[in-house]
Amino acid sequence: MQRNDDIAHAAAVLRQGGLVAFPTETVYGLGADACNDTAVAQVFAAKGRPQFNPLIAHVADLAAAEKLGQFPPLARKLAQAFWPGPLTLVVERTADCPVSRLASAGLTSLALRVPSHPVAIALLHAFGGPIVAPSANASGRISPTTAAHVRASLGSGVAMILDGGPSKVGVESTVVSFLDDVPRLLRPGGLSREQIETCLGVPLASATAGPLHAPGQLESHYAPRATLRLNAIAPEAGETYLGFGGNAHGPHTLSARGDLIEAAANLFGKLHEIDATAKAIAVAPIPESGLGEAINDRLRRAAAPRP
Ligand code: TXA
Ligand code: MG
């Protein structure tokens, strides 16, 4: 766990426009002062993002979020039920929202999230304003769930990395948009569709193909260097197998007991680990229920043809 003076130092780096990688319960984020245009631009540069895709602004609580975005009643209901936690809400910006327009990629909307990791919360309190943070990896690569992953992927591009241990959830937040008349699931993630729909009392509409090409919506994303074959019952010659539940061949498994929460937590770490040596990875079938929707989304993108 971080010492208080590390947190204070990180907040000072952010205030000076620098980048700080920090742990969240989902994945590690690459943080910058959300209200500083230059700092936000540096986030895109450090990640090598091909275009200005919108970023999530992280805040300490719902009250801070409501200063930046306009919450319809159902969005507020979800925030009250699941914040702090792995849920991002896309709402219209308030008229006097101070967050950089670049973070919204020119849109009138803003993505907001209150993370639950104690180091992230401490950093938000010490800094005292919104922090934009995409996942702290080079664009298109596997997301980081440890400080070592961040160092390997971004290294010198980051002024400071706060180490808060492995991310517990392991996949990015679920992104729900409240921009039209129905709540819309833009990205499956660490909070399951079922939990959200139970709270809302209405089904989530699915993402429509729109003008927005956000990173989580690109076909190839989260890509290991090795090739990836999905729904594999057993490895073929030359493949390293990543098992789940009863499907086990060799030492690697997302969850030996077939637990989807454990599998989500292990997903990116296992891909990083196997990718260090393997040329080809075969992954066991993962059920589509609960966090399986997010796991399968990330696996499909990791396996998609590379640009
Ligand atoms: O768990 C997470 O969400 C992590 C941690 C660090 O908080 N962050 C993360 O950020 O995954 P990033 O930049 O890798 O993904 C942000 C996603 C994009 O896929 C994009 O679709 C969506 O959030 N997004 C952001 N702003 C949006 C907006 N104004 N409208 C629609 N989608 C937006
Ligand atoms: Mg990402």
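Every number for a ligand or one of its atoms is a count from 1 in the order of the listing.
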Enquirer: Considering G69, G170, A21, A111 one by one, which has a heavy atom nearer to atom 25 (C) of ligand 1 than any of the others?
Expert: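 Result: the heavy atom closest to atom 25 (C) of ligand 1 is in A111.
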
Enquirer: On a heavy-atom basis, I'd like to know which of S135, P115, A103, S173 is closest to atom 14 (O) of ligand 1.
Expert: S135

Enquirer: Has I261 got more than 12 heavy atoms of other residues, nucleotides or ligands less than 6.0 Å from its CD1?
Expert: no

Enquirer: Give a yes-or-no answer on whether the side chains of R298 and S143 include a donor-acceptor pair shorter than 3.5 Å.
Expert: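 Side chains of R298 and S143: no pair found under 3.5 Å.
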
Enquirer: Any N or O on S104 sitting closer than 3.5 Å to an N or O of ligand 1?
Expert: no

Enquirer: Is any N or O atom of K47, backbone or side chain, closer than 3.5 Å to an N or O atom of ligand 1?
Expert: no

Enquirer: Taking only heavy atoms of L186, which atoms of ligand 1 are found under 4.0 Å from at least one of them?
Expert: 31 (C), 32 (N)

Enquirer: Determine yes or no for a side-chain-to-main-chain donor-acceptor pair under 3.5 angstrom, with E197 supplying the side chain and L204 the backbone.
Expert: yes

Enquirer: Ignoring hydrogens and geometry, is there a side-chain-to-backbone donor-acceptor pair from N296 to I286 under 3.5 Å?
Expert: yes

Enquirer: Check whether any side-chain N or O of S153 sits under 3.5 Å from a backbone N or O of A138 as a donor-acceptor pair, and report yes or no.
Expert: yes

Enquirer: Tell me, please, if N137 has any N/O/S atom, main chain or side chain, under 2.8 Å from the Mg ion (ligand 2)?
Expert: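 No - counting backbone and side chain alike, N137 has no N, O or S atom under 2.8 Å.
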
Enquirer: Below 3.5 Å, N or O to N or O, backbone or side chain included: is there any such pair between R113 and ligand 1?
Expert: yes

Enquirer: With only distance considered, is T26 within less than 3.5 Å of ligand 1 through an N or O on each side?
Expert: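 Yes; the residue has a nitrogen or oxygen that sits under 3.5 Å from a nitrogen or oxygen of the ligand.
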
Enquirer: Heavy atoms only: which of A133, G29, S143, P144 is nearest to atom 8 (N) of ligand 1?
Expert: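 Answer by nearest heavy atom: A133.
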
Enquirer: Determine, stepwise, if the pair T174 / Q195 fulfils side chain to side chain contact (heavy atoms under 4.5 Å, CB included).
Expert: CA-CA 11 Å; T174 304; Q195 281 176 283; over 6 Å; no

Enquirer: For atom 10 (O) of ligand 1, which candidate among A105, P134, S109, P86 holds the nearest heavy atom?
Expert: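 Going through A105, P134, S109, P86 one by one, P134 has the nearest heavy atom to atom 10 (O) of ligand 1.
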
Enquirer: Salt-bridged, E172 to R187, with N to O below 4.0 Å?
Expert: no

